[in-house]
Student: 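Got a structure for you, questions after.
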Amino acid sequence: MLKKIITFLFAALTIQFANAQYATKSLDLKKLDAYFNKAIKDWNVPAMGVAIILNDSVIFAKGYGVTDITTGEKANENTLFCVASNSKSFTAASIGTLVDDKKLKWDSKVTEFLPWFETYSPYVTEQFTVRDLLCHRSGLETFSGDLIWYATNHSREEVVKRSKYLSPVYGFRAHYGYSNIHYSAAGLVVQAVTGKTWEQYVKENFLSPLGMNRTLTSTSQINSTTNVAQPHNDVDGKLVKIPFVNWDNIAPAGALISSVSDMSKWLRLQMNQGIWGKDTLLSKSVINEMWSMQTPEAVRTENYKNMQLKHFDGYGLGWGVMDYKGYKVVSHSGGYDGMISQTAFLPELKYGFVVLTNSNSYLPAAIFNQLLDEYIYTEEKDWSSKYLDFFNKRKQADKDAKAKEESERNKNTRPTLTLQDYVGTYGGTMYGDAEVYLDNGKLKVKFIPTPLFEGELTHWQYDVFSIKLTKVPSLPEGKVQFLLNEKGKVSQMKVDIPNPDFDFKELEFYKK
């Protein structure tokens with residue numbers, strides 16, 4: 001049926017959905033189709049899925065490109081992508097069902113359900129609520145502690161327990177700081193209250209009722225299905241396929257794997273304020289709470305140039321909230337190794353969309369802006385070209401910074417000690433241990449909790465060595481510095497691998 005609808009829409013070429021009350025304009029689906037086709041080629045993105053919802057109908061759903069550059073399999077509207085942090089709205093909604101059932105309150109204390117829960121402060125631990133878990137205001141910096149869970153052998157509960165060693169950079173509830181770990185804790189609250197794992201609860205309460213039958217809750221399920229997009233990344237200027245990384249130990253923060261067809265159903269439930277057919281899966285009061293700003297973020301200066309663009313920005317419960325051209329926008333993005341996604345809807349316009357891709361790029365953000373402008377009356381813009389220009393300039397700036405660093409390097413130095421003197425076990429309480437060892441005369445390091453993290457240490461200058469974690473091609477080359485004590489012995493190892501997602505400087509490695 002959906003294919004017939006889409007065929008009819010394309011035959012009409014341009015569908016008029018103008019509403020004078022909201023100053024909207026027509027959506028030219030044929031024009032958008034051509035735009036999406038060009039965009040993935042311009043960005044060198046292997047595959048993309050796009051779905052557009054209007055007035056509770058999916059008016060457009062299509063896949064572009066190939067799921068895997070090595071096989072050339074075509075993508076379609078049912079191709080599965082890792083949606084990463086778009087999973088957070090499912091976790092917040094799961095908590096919402098428990099609020100509806102009066103099994104907890106948004107402001108119930110976390111320790112009521114997880115007695116072992118601890119933070120950096122006894123006071124903060126005592127005051128921490130379920131709401132705090134969901135709106136990123138713990139006092140921690142954005143992505144703080146992500147290396148505790150990323151590709152590690154720490155369990156979901158162990159990850160949350162180890163987060164107590166993280167140091168805050170803001171006051172409690174004083175500033176936005178995105179936290180994956182606290183969403184994992186929210187999933188454990190669901191389990192403590194219901195006796196069901198986050199995966200079971202989400203499937204029973206949302207995936208099955210909505211008919212999201214192709215949506216997976218773990219990468220471990222990929223081999224039992226078909227039509228799955230493979231992750232890709234740009235490595236040294238070349239697009240390569242990279243392996244999936246299992247996110248089970250942080251699942252409530254980002255484990256779902258879905259298609260634009262399935263995710264459209266999730267957006268329709270939201271846009272219908274929790275009603276699906278004759279069933280009410282979420283109350284209007286819960287929906288309203290999820291869409292209400294809980295933690296404000298600063299509106300960037302450039303948005304003040306045109307006050308029609310954006311007046312507020314912040315985070316609700318599982319959703320980001322902002323306004324654009326005077327309309328409320330509820331949205332979320334997702335970033336997985338080699339996959340970026342975007343969901344969004346404008347409640348008062350009953351307009352929404354899903355964008356899923358299988359490489360790391362700004363393309364979903366560009367499509368997000370493009371689809372806003374395509375429906376809300378505004379001047380004609382090409383957001384894909386604007387973002388691509390920004391991306392290329394940033395890439396060049398990174399190259400220039402690296403060249404500058406290399407030019408300032410003192411190549412006429414040697415390590416203070418013999419390579420054997422750097423060998424040993426280094427560790428700290430928050431993350432775990434790393435082992436520095438010699439292999440055929442070469443100094444190497446492996447991070448014990450994260451088997452993917454291992455690489456050769458190549459002397460760079462003084463007691464600083466360069467490192468490339470070869471099993472994680474998306475991470476750039478970094479530096480490892482060995483610090484000596486007053487006796488001239490190695491006392492500590494500091495790791496810095498610059499990237500937008502993980503702060504290696506948080507890891508403490510003292511020699512044992």
Student: Please determine whether the number of non-hydrogen atoms from other residues, nucleotides or ligands lying under 6.0 Å from atom NZ of Lys381 exceeds 12.
Tutor: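 Enclosed.
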Student: Taking only Lys NZ, Arg NE, NH1 and NH2, and the carboxylate oxygens of Asp or Glu, determine whether Lys386 and Asp382 approach each other closer than 4.0 Å.
Tutor: no
Student: Measuring only between side-chain heavy atoms, which start at C-beta, is Pro209 closer than 4.5 Å to Leu281?
Tutor: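 Touching, per the 4.5 Å side-chain cut-off.
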Student: Going by heavy atoms in the side chains, are Leu282 and Gln270 under 4.5 Å from each other?
Tutor: yes
Student: Answer yes or no: does atom NZ of Lys161 have more than 12 heavy-atom neighbours from other residues, nucleotides or ligands under 6.0 Å?
Tutor: yes
Student: Can you find a pair of side-chain heavy atoms, one from Asp132 and one from Val110, that are under 4.5 Å apart?
Tutor: no
Student: Under 3.5 Å, is there a donor-acceptor pair linking the side chains of Ser283 and Ser285?
Tutor: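 Checked: Ser283/Ser285 side chains pair up, N/O donor to acceptor below 3.5 Å.
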Student: Answer yes or no: is there a side-chain heavy-atom contact under 4.5 Å between Trp106 and Leu134?
Tutor: yes
Student: Is the ring centre of Phe453 less than 6.0 Å from the ring centre of Phe504?
Tutor: yes
Student: Among Ile257, Asn360, Val245, Asn86, find the one that has a side-chain contact (heavy atoms from CB on, under 4.5 Å) with Tyr336.
Tutor: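 Running side-chain contact (heavy atoms from CB on, under 4.5 Å) over Ile257, Asn360, Val245, Asn86 with Tyr336 returns exactly one hit, Val245.
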Student: Less than 4.5 Å apart, any side-chain heavy atom of Met293 and any of Met322?
Tutor: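 In short, these two side chains do not touch, never coming nearer than 4.5 Å.
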Student: Which distance, rounded to the nearest 0.5 Å, do you find between the OH of Tyr176 and the SG of Cys135?
Tutor: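 The distance works out to 10.0 Å.
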Student: For Lys468 and Leu475, indicate whether the former's side chain and the latter's backbone hold a donor-acceptor pair under 3.5 Å.
Tutor: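 Indeed, once roles are kept as given, a pair shorter than 3.5 Å links the two residues.
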Student: Please tell me whether Trp149 and Asn180 have a donor and an acceptor in their side chains that are separated by less than 3.5 angstrom.
Tutor: no
Student: If you round to the nearest 0.5 Å, how far is CG of Asp337 from OG1 of Thr219?
Tutor: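 Here the rounded value is 10.5 Å.
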Student: How about Thr215 and Asp262: does a side-chain donor come under 3.5 Å of a side-chain acceptor?
Tutor: yes
Student: Does a side-chain heavy-atom distance below 4.5 Å link Val202 with Val190?
Tutor: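 No; the side chains remain at least 4.5 Å from each other.
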Student: Taking side chain as C-beta onward, heavy atoms only, is Gln342 less than 4.5 Å from Ile367?
Tutor: no
Student: Does any donor atom in the side chain of Ser144 or Glu506 lie under 3.5 Å from an acceptor atom in the other side chain?
Tutor: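 Side chains of Ser144 and Glu506: pair found under 3.5 Å.
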Student: If the threshold is 4.0 Å, N to carboxylate O, is there a salt bridge linking Glu73 and Lys241?
Tutor: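 Salt bridge absent between Glu73 and Lys241.
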Student: Do Phe81 and Ser341 come within less than 4.5 Å of each other through their side chains, counting heavy atoms only?
Tutor: no
Student: Report the C-alpha separation of Trp319 and Phe345 in whole Å, then their side-chain angles, then the decisive distance to 0.1 Å, and conclude whether the ring-ring contact (aromatic ring centres under 6.0 Å, His included) test is met.
Tutor: CA-CA 11 Å; Trp319 291 103; Phe345 57 94; 5.2 Å; yes
Student: In Å, rounded to the nearest 0.5 Å, how long is the span from OG1 of Thr197 to CG of Leu188?
Tutor: 10.5 Å
Student: Which atom pair, heavy atoms only, marks the closest approach of Gly326 to Glu348?
Tutor: O-OE2, 4.2 Å
Student: Relative to each other, are the rings of Tyr351 and Tyr375 parallel, tilted or perpendicular (30° and 60° limits)?
Tutor: tilted
Student: Any idea how Tyr315 and Tyr178 line up, ring-wise: parallel (<30°), tilted (30 to 60°), or perpendicular (>60°)?
Tutor: perpendicular
Student: Ring-plane angle category for Tyr150 and Phe502, please: parallel below 30°, perpendicular beyond 60°, tilted otherwise.
Tutor: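 Tyr150 vs Phe502 ring planes: tilted.
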Student: Mind checking the OH-CD1 spacing from Tyr64 to Ile40? Nearest 0.5 Å is all I need.
Tutor: 8.5 Å
Student: Nearest 0.5 angstrom please: Leu469 CG to Ile497 CD1, how far?
Tutor: 4.0 Å
Student: Classify the ring geometry of Phe391 against Trp43: parallel below 30°, tilted from 30° to 60°, perpendicular beyond 60°.
Tutor: tilted
Student: CG/Leu256 to SG/Cys82 distance, rounded to the nearest 0.5 angstrom?
Tutor: 10.0 Å
Student: Between Trp198 and Ser94, does any side-chain donor sit less than 3.5 Å from a side-chain acceptor?
Tutor: no
Student: Under the side-chain hydrogen bond (donor to acceptor under 3.5 Å, both in side chains) rule, what pairs show up with a residue in residues 182-194, not counting sequence neighbours?
Tutor: Ser179-His182
